[in-house]
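Quick notes on the structure that follows.
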Amino acid sequence: MSRVNGKGHIGDRVVRFTFDGKTYAGREGDTVASALLANDVHLVGRSFKYHRPRGIVSAGSEEPNALIRTARGAGRAEPNTRATMQEIHDGLQVESQNRWPALGFDLGAVNDFLSPFFPAGFYYKTFMWPRAFWDRVYEPVIRAAAGLGKAPGEPDPDHYAARYLHCDVLIVGAGPAGLAAAREAAEAGADVVLVDEHAELGGSLLSDPSPQIEGASAWAWLGAQRDGLREAGVRVLTRTTAIGYYHQNMVALVERVTDHLASPPTDAPRERLWRVRAGAVVLAQGAIEKPLVFDGNDRPGVMLAGAAQSYLNRFGVLVGRQALVTTSHDSAYFAAFDLMDAGAEIVAICDTRPDVDPTLLAGAEARGIMVLPGAVVTETTGRKRIRSARVNRIMGAELSAPQSFDCDVLLMSGGWTPTLHLFSHTKGSLKWNSNTSAFLPDQSNENCLSAGAATGLWGTGAALDDGASAGAAAAGLARRGITGTGGPDKGVPDAAGTSHRYSVTGDRVCSGTAQGALPNDKAPSRIRAFVDFQNDVTAKDIKLALREGMRSIEHVKRYTTTGMATDQGKLSNMNALMVAAQASGQEPPDIGLTTFRPPYVPTTFGALANHHKADFEVVRRTSIDPWAEAQGAVFENVAQWRRARYFPQAGEDMAAAVARECRMTREAVGLFDASTLGKIEITGPDAVEFMNRVYTNPWTKLGVGRCRYGLLLGEDGFIRDDGVIGRLSQDRFHVTTTTGGAPRVLAMMEDYLQTEWPDLKVWLTSTTEQWAVIAVNGPEAADLIRPFVDGPEITDETFPHMSVAECRFDGIAARLFRLSFTGEVGFEINVPARHGKAVWEALWAAGQALGVVAYGTETMHHLRADKGFIIVGQDTDGTVTPHDAGMGWAIGKSKPDFIGKRSLERPDMKDPYRKQLVGLLTDDPTTLLEEGAQIVDSPNARPAAGRAGHVTSAYRSTVMGRSIALALVSGGHQRMGETVYIPMPDGPVAAKITATTFYDPDNVRVRLEQAE
C-alpha cells in the first residue's frame, strides 16, 4: 500500500471493491483512481486507436485515460466512467475497457506496431477505394471498431429526477474563489446556490492545504466555511456538475445522487437534472493543468504534478516512491516538495526554463533535490509502467548529451489553462493573455462573472479576494437585473465595498511558460509525443495536418480527432494549439481556438431523459386531459400530444362509442378538446401584407371580427398546412394550424420573415399552450354557450358563421370563434389554459339537460369526413395542390404573389390527370374500405400494373347510414359517377366516384335558424 500516515482528508473505514475481478481495499471517500494508486496499480486501460497501455493522468473530470466500466448489480452497469470521479463503495465492480483478452495482454496492441500505417487522416484517403469495399469491408469493420466501452444490454432499473430552481446567484465551483463569492453574496442578502462536481468543498485547498487563511489552517477554515454557508441559507450541491450554460442565465446541472452508495434508498433517484435560472452566475471553476508534449509522455506512471499533489494531500496516497519531475511552471516544484516531505524520492526536477526562481531553487536545495534548468525529457522507457526517462539539456539550438534517470513515476506540468467551457457556452468572447499564455474570459452575453484561477489569477489570497468581489458584484447584478455585463473587469459594478479582504500566509504564488512540443534529438519519425491521450493524436499528426493544407484549428481538430474524445480536449486543446502555432510560425491567437459545446462532461441519457425514462419522447397533455382520463377515455398520440380518441361507455367497443358520439353531436351537442391545435399570434403594422404573402387567400379586405379558412403552400406549390384564421384587429391575427404542423409552420414563417422579408414589421408568437380550446358542436351548441357569453349576442345576424370576438366566457377573458369542422353549428372557445378544465366542467354540467356528449379524435374524423373536410397529411401526401384538393376557391386570383404561386403555374401542375381528391361510395354500403388501399380502373387489374390512386380516409358514417371514403384518383374531378375498383384480400371492391361532400352539401346545418 502507498498510504501516508497523517495525510489525506478521507475516512478510515475500509471499503472493498474489485478491479478486473481482483479484490482491492480502499478507504471511504476514495475514488477508484486513488484506491488503485494506493494499491500501486497504474495500468488502468488502453488507448482507443493504438491500444497503448495507459495510466491515470489527472485527479478530476478532465481525465482522458482512466475510463472504466462500473457495475453494481443487474442492469446497473455504465461504460466510460471516469475513475477519478467515481467514489468506491463496498461491492463496486470495476472493469478496464478497450482490451482483449486482458488488460495486461491485449491483442489490439498490434495496432501500436502498425501505427506508421495509420497517420492522421488516413481514413479520409483509405476508405475511398475500391468503391465496392465500402459496403462489404470498410463499413462493417468501422462499425465493429467504433465506440469505447461496452454498452449495457439490460434495462436500467434506476430512476432519474429533474427539478427547476430559481436563485439570485449561482456559483459554479467551490474552491477558494467560489466559497468567498458565496459568502459575500449571501451576506448581501442574495439567495445563493453553490455547486461543485466533487464530493466535498474546497477545490485547490484539498490538493494544497499549505496556506493559512485568517489565522486558521486551510482545512479548519474550510470546515468553518461549510458551517457558515449552511447558517446563511446557501444551498450547497456537491457531486453536481454544471454541464451547460444557456441563454438568459439558465444553467443545467447534473447531480450524482446515489452512485457513491453501496445500498441506495429505493426511492432515491440515481441522478437529478437541475435547470437553474439565476439572476447572476459566478464561474469559479479554477484551471486545468496541462501535460507536456514529449516522446513517451503517455506511459502509465506519467501523470500531472498537480494530480500527484491531490492524491497525496486529499487522499493520503503517494503515487510513486521514485519520482522525476518535468515542468515549465512553478507549481510542480511545490508538488515535488510535498511528495518528498511525505517520503518519496525526487530524483530530479527538469525545468524547461533556463532561469528558475531562486526561492524555488533554495527549497529544492534544502531538500537535496537536483534541479536541471533548461532541461527536457526526450524519451521514457517501460511498457506497463514507466521505468526510466532520458533527459537532455537545451544548449542553444541543440541538445546536450542525454542523462538517464530511473523512476517509477514521472510528474509533468505544462502550466494551467483557465476553465472556460461554461463561459464559452454563452458565446462569450475570449482574449489571449501573453503573460499567462492562456485565453481568458472577456465580454459575456449573460449576467456572468468569472473569478479566481478561471480569470488567470494565481494564489489562494488572490482567488479569495477576487471571489469576494465577484460575489458582491453578482448580488448587485441580480438585484438590478443587469444583463450582458462582461467579465469581472468589463463593466461589472464596483465591488470595492465588499466586507472581506482575506489574510493569507504561506501562499504559493506561481508562474510559468507555455510550451508546444518539447525539442528532441531523435529522428522525427521515431518520436511519439502525444497531445490527445484518448484518441492517440501526436504532435506529428498535427504537423502533418498543417502540411496537408489544414489551416483552421477546427479543421486540424477534425482531421486529427484531437479534442474530440470524451474529455472534449480539456487536456489536449491548448497543447494542440501551441503545437500548431509552433509548426506554422504563428502566434496562438492567430491560430484560433476550437468551440466548446455542452455538456461539460459526458452525461447519461438517464439524467437527460429524467422522468421520461421509458422513451425520450415528450408527452404533452392539455389542461382538459385529467378530466378525459377520469372519464375513461382511450388515448392516442398525435405529434407529441396525448389526445382522447373516444369515450367508451360500459360494453362499448370503439365502433359503438364513435357511433354514439357522432349521433349525439349531430342530434344534440358535443364537446371536443381542440387545445392541441397550433396557435400563432401575428401582429404588427405589416401583418396583413405578411398574411397575403404567406397564405393563398386574400386578407386585406377581411373585416375585424371575421374568420377565413387559410391554406399554406410550400415553394413547390403543394399543400403544407391549413387552419382557420381570425382577424382580431387591423394589425393582429389569430392563426390556427394543424396539431402536428405548429412548429413547422412557425419555423417556416420565421424563416421567410427573417431572410426574405426582413423589411416587414411583423412579430410572430407561438400561443399554442397559452389557450385551451373547447369546440362545441351540434344543434344545441348555441343554447349551451349563450348563458356563459358576456359579449356578442349569439344570432346569425350579430355573430354569423366564421366570426370571432374577444369576450368574457363564464367570467373569464376569452376568444370566441364561430366555425365548424363538423358541418353543424359550431363554436370554439379559447380561454387561458389554466382555466380550460374549469370551463369544460361548467359546460359539461350545463349540457346535461341538452344531451351533451364528449367526443374524441376518432369521432372528429368521422364528422369532418361527412363534410369532405381534409386533414393535411392524411388526405394530402405532399404532392397535392389546392386544385387537386378541389380547393381552387381558396386561391386569391388577383394576389400579386404568395408562397408557391409560381409553382402552381407550371404545366405539370395543371395536368388534368393529376391525382385529385374525390369521394368514394362502395356499391355495397356495408363494405368499409381500408385506408391506404390502392385503386385501379379494372376489376382484373393488378395494383402494381395500373394504379389509379389510393384511399386516404374511410369511415362508417352514422348520419349517412353507410360507408364513405375520400381518395386521390388520377383525373378524379373529370370522372364523377365512374366506377373504380379497390383490390382487397377477398376480391376487388367496386366504388363510385362522387363529390367529397356527402352530408348537407348546401351547408344549411351551420345556420342557427335552420338548426333550431
Side-chain angles (χ1 to χ4, degrees), residues 634 636 645-646 648 651-663 666 823 856-881 884-886 911-1001:
V634 175
E636 67 172 344
R645 190 176 186 188
Y646 59 97
E652 287 184 335
D653 59 10
M654 185 176 77
V658 169
R660 173 180 50 81
E661 292 171 11
C662 288
R663 184 180 65 256
R666 295 223 180 271
T857 55
E858 191 66 28
T859 295
M860 178 268 292
H861 282 279
H862 282 66
L863 298 175
R864 66 90 195 173
D866 288 338
K867 292 292 294 179
F869 296 149
I870 70 167
I871 291 182
V872 175
Q874 179 168 333
D875 301 303
T876 67
D877 61 0
T879 65
V880 175
T881 70
D884 297 338
D911 185 346
Y913 294 100
R914 289 178 55 82
K915 287 185 178 180
Q916 297 162 344
L917 191 68
V918 297
L920 290 181
L921 292 175
T922 56
D923 288 354
D924 180 354
T926 64
T927 301
L928 179 65
L929 298 177
E930 293 183 3
E931 293 180 351
Q934 298 300 304
I935 299 171
V936 295
D937 293 325
S938 166
N940 298 319
R942 285 187 262 176
R947 287 177 291 182
H950 69 278
V951 178
T952 63
S953 300
Y955 307 98
R956 296 190 190 278
S957 171
T958 303
V959 72
M960 299 298 293
R962 59 157 303 134
S963 67
I964 61 173
L966 298 176
L968 287 170
V969 176
S970 297
H973 292 167
Q974 305 175 62
R975 302 178 62 182
M976 292 297 160
E978 290 187 17
T979 298
V980 291
Y981 299 89
I982 299 88
M984 301 292 283
D986 296 331
V989 175
K992 182 188 295 184
I993 297 177
T994 69
T996 56
T997 303
F998 302 101
Y999 171 67
D1000 187 23

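Treat the numbers as computed from the prediction; the structure is a model and nothing was measured.
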Are the side chains of [Y] and [X] in contact, using a 4.5 Å heavy-atom criterion?
X    : Y    : answer
F998 : L921 : yes
L920 : I964 : no
T857 : E636 : yes
K915 : D877 : no
V918 : E978 : no
T922 : R962 : yes

### Query
How about S953 and R864: does a side-chain donor come under 3.5 Å of a side-chain acceptor?
yes
### Message
Looking only at side-chain N and O atoms, does S938 offer a donor or acceptor that is under 3.5 Å from a partner on N940?
### Response
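Checked: N940/S938 side chains show no N/O donor-acceptor pair below 3.5 Å.
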[X] side-chain N/O to [Y] backbone N/O, donor-acceptor pair under 3.5 Å:
X    : Y    : answer
Q974 : P912 : yes
E858 : R645 : no
R666 : L863 : yes
E661 : T859 : no
S963 : T926 : no
R660 : P648 : no
S970 : A948 : yes

Measuring from atom [atom1] of [X] to atom [atom2] of [Y], what distance do you get when rounded to the nearest 0.5 angstrom?
X    : Y    : atom1 : atom2 : answer
L917 : H973 : CG    : NE2   : 6.5 Å
D866 : T958 : CG    : OG1   : 7.5 Å
H950 : L966 : NE2   : CG    : 11.0 Å
T881 : R914 : OG1   : CZ    : 5.0 Å
L968 : Q916 : CG    : CD    : 9.5 Å

If you look at every heavy atom in [X] and [Y], which pair is closest and at what distance?
X    : Y    : answer
I935 : A967 : CD1-CB, 3.6 Å
A965 : V951 : CB-CG1, 4.3 Å
A954 : L929 : CB-O, 3.3 Å
Y646 : A657 : CD1-CB, 3.8 Å
I993 : G972 : CG2-O, 4.0 Å
A990 : Y981 : CB-CE2, 3.7 Å

### Task
May I ask you to decide if the ring planes of Y955 and H861 are parallel, tilted or perpendicular, using 30° and 60° as cut-offs?
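It falls in the parallel class, under 30°.
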### Task
Determine whether more than 12 heavy atoms belonging to other residues, nucleotides or ligands lie under 6.0 Å from atom CD of E930.
no
### Task
Give me the one residue out of I871, T876, D875 that meets side-chain contact (heavy atoms from CB on, under 4.5 Å) with T952.
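With T952 as partner, I871, T876, D875 yield a single side-chain contact (heavy atoms from CB on, under 4.5 Å), made by D875.
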### Message
Run the side-chain contact (heavy atoms from CB on, under 4.5 Å) test on H862 and V658 for me, step by step, so that the C-alpha distance in whole Å, both residues' side-chain angles and the decisive distance to 0.1 Å come before the verdict.
### Response
CA-CA 8 Å; H862 282 66; V658 169; 3.7 Å; yes
